[in-house]
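Following: one structure in structure tokens, then a few remarks.
Chain letters run A, B, ... following the sequence lines, proteins first, then strands; residues in each count from 1. No hydrogens, no waters, no symmetry mates; every other heavy atom, side chains included, goes into these values.
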Amino acid sequence: MNRPTPLSGFPEFLPGARAAELAVLDSLRATFELHGFCSIETRSAEPLDQLLRKGETSQEVYLLRRLQAATDDLGAPAGSDLGLHFDLTVPLARYVLEHSGALHFPLRRYQIQRCWRGERPQEGRYREFTQADIDIVGHDELSKDADVEVTEVMAEALSRLPLPPVTLLVNNRKLIQGFYLGIGATDPAAVIRTIDKLTKVGPDAVRRTLTAEAGLDDAQVDRCLALAAISAPDPSFAQQVLALGVSHRLLDEGLSELVRAVESAMHLRSERFSLVADLSIARGLDYYTGTVFEGRMATHGDLSICAGGRYDALATDGRSTYPGVGISLGVTRILAPLIARGVVGADRSVPSCVLVAVATDDHRSGSREVARALRARGIPTEVAPDAVRFGKQIRHADRRGIPYVWFPATAGTTHQVKDIRSGDQVDADPDHWRPPHDDLHPRVTYREEPT
RNA sequence: GUGGGUGUAGCUCAGUCGGUAGAGCACCUGGUUGUGGUCCAGGGGGUCGCGGGUUCAAGUCCCGUCACUCACCCCA
């Protein structure tokens, strides 16, 4: 077979699916900018030693290698190796340090770029994928309001997308860490790592691990599981936490932070977005220090489609530290499975709103004139490629989802435009006719799955 | 990296005991010479993933290999 085969983990969309993806990306960008977040783009490659900091040692990094590299380059120090970034947070940290003198803090930035991970691909897990991140980075300090703000922006961004609803689960690292310290756990980090797997492996497995590896007794494990079982869409979770009778300075601090985050997010709820305080959310990464997020879509099972949190030291150069809080949205992870199942798509595969028909080759210049007049008023228009019979030209439009076919005036006839969905055909003037606003550009279609 | 599954038309798949390569959908043409979708008739399209082996004969059996895919790990 001469036809190339697909590359596992490197998804590519057909034009219609790409149109849907573009519409989603445009929507995200518009929302982020509406909140005053600026865009940055960082280079695709970072020095390998930079990538492997931040407790990300387990990441499968794609290395960059020059085909024509001289042999003695192989002897170069390991630190000079380049790798493709596997997220947008590590590059942000590097960027902030590199440009700290020229940036204004707090820095509110969004970043929509490809990332690469060498792990085995599966549904919803890719080797090349697009991520949309928003972060707020401070200089030495960062207000607690930043946590609320990124929550608000992402809530709005998700609410606007014509996609399945998202639940954002929120917790606070200080709260659970303080709780574990309060019950006498000696290695709270180990407890966090174990609790993070609760939904995956279940309470029995967690109990065994907590006993064996974190050295907790049965009573302590009971209280950990009781804490992790707490979940509420409003600040009422605080009473449940207090009822467990544990006290610790960090616990109190985290509790009030989480209450505040949940309270200020109450008004963000919509049909497509809900926020829940869920004390089983821990996040495995150890650099999170406060609020942690994990977003789920019911269509994606246990896979989280967005994640993030606060880190007291996103970056540090010895003199200054740069605390940050942010959320990453897995654009490819959300879209690729939904597109593959036919749940999400676009109502057309080309941007064209109008196809101008060509009666005969002699009439082509007249058809071009009509197209120019429509384009001059911002209506995406293409001219039929061949002067074949009109039935075939209409079919050309139909196949691509182009909603209108324009029949230019000829000797004895007037200009007419046909809505090929309804079949309605009316007289029209190229300098004045305008389609309904909704027909102007491709739109994302969302069809709920028959379950 | 570990373990399972699957590779046949553009897509989804069938192919019996080893005996001439199939269906549905899609595509093209015509019915319909300036108006699509429905319907009817016809048509094109295959190195059966690749390599080797057994056999008179292999899509089918054996070995190898590659790709895809699912699960574990980890994560958007």
#### Entry: Separation of the P atoms in B/C48 and B/G43, to the nearest angstrom
24 Å
### Query
Looking for any heavy atom pair under 4.0 Å, which part of the strands does A/G423 touch: base, sugar-phosphate only, or nothing?
base
### Message
Under a 4.0 Å threshold between the charged nitrogen and the carboxylate oxygen, would A/R260 count as salt-bridged to A/D145?
### Response
yes
### Message
Does atom CZ (A/R364) have a neighbourhood of more than 12 heavy atoms from anything else shown, all under 6.0 Å?
### Response
yes
### Task
State whether A/S8 places a side-chain N or O below 4.0 Å from either non-bridging phosphate oxygen (OP1 or OP2) of B/U69.
yes
### Message
Just to be sure I understand the geometry, which residues of residues 13-40 of chain A put a non-hydrogen atom under 4.0 Å away from RNA chain B?
### Response
none
### Message
Ignoring hydrogens and geometry beyond distance, is the side chain of A/R125 in donor-acceptor contact with the base of B/C74 at under 3.5 Å?
### Response
yes
### Query
Any donor-acceptor pair under 3.5 Å between the side chain of A/R120 and the base of B/U69?
no
### Task
For the pair A/R310 and A/E257, find out whether any cationic side-chain nitrogen is under 4.0 Å from an anionic carboxylate oxygen.
no
### Query
Under the 3.5 Å rule, do the base of B/U69 and the side chain of A/Q122 count as making a donor-acceptor pair?
no
### Task
Using a 4.0 Å heavy-atom cut-off across all strands, classify A/T410 as base, sugar-phosphate, or nothing.
base
### Query
With a 4.0 Å cut-off on heavy atoms, is A/I420 in touch with a base, just the backbone sugar-phosphate, or nothing at all?
base
### Message
Given B/U29, B/A76, B/U35, identify the nucleotide with an atom nearest to the side chain of A/R395.
### Response
B/U29
### Query
Cation over ring, A/R395 on A/F390, under 6.0 Å and within 45°?
no
### Message
As a test of reading the structure: which of B/C70, B/C28, B/C68 is closest to the side chain of A/L7, going by heavy atoms?
### Response
B/C68
#### Entry: Note, A/V388 side chain near A/Q393 side chain (heavy atom, < 4.5 Å)
yes
### Message
What contact category does A/K392 fall into here, base, sugar-phosphate, or nothing, at under 4.0 angstrom with non-hydrogen atoms?
### Response
sugar-phosphate
#### Entry: Nucleotide nearest A/R389 (side chain, heavy atoms from C-beta), chosen from B/A76, B/G30, B/G1
B/G30
### Task
Under 4.0 Å between any heavy atoms, over every strand shown, what does A/I402 touch: base, sugar-phosphate, or nothing? Just pick one.
nothing
### Task
Scan A/Q425 against the nucleic acid and name what it touches under 4.0 Å (heavy atoms): base, sugar-phosphate only, or nothing.
base
#### Entry: Residue pair A/D439, A/R421: steps toward the salt bridge (Lys or Arg N to Asp or Glu O under 4.0 Å) verdict
CA-CA 12 Å; A/D439 284 342; A/R421 296 161 300 189; 2.8 Å; yes
### Query
When the C1' atoms of B/C56 and B/G64 are considered, how many whole Å apart are they?
26 Å
### Query
Taking a pair as Watson-Crick (N1 to N3 plus N6-O4 or O6-N4) or G-U wobble (N1-O2 and O6-N3), both under 3.5 Å, which stems of 3 or more consecutive pairs involve RNA chain B?
B:1-7 with B:66-72, B:10-13 with B:22-25, B:27-31 with B:39-43, B:49-53 with B:61-65
### Query
For A/F129 and B/A76, are the ring centres under 5.5 Å apart with planes inclined under 30°?
yes
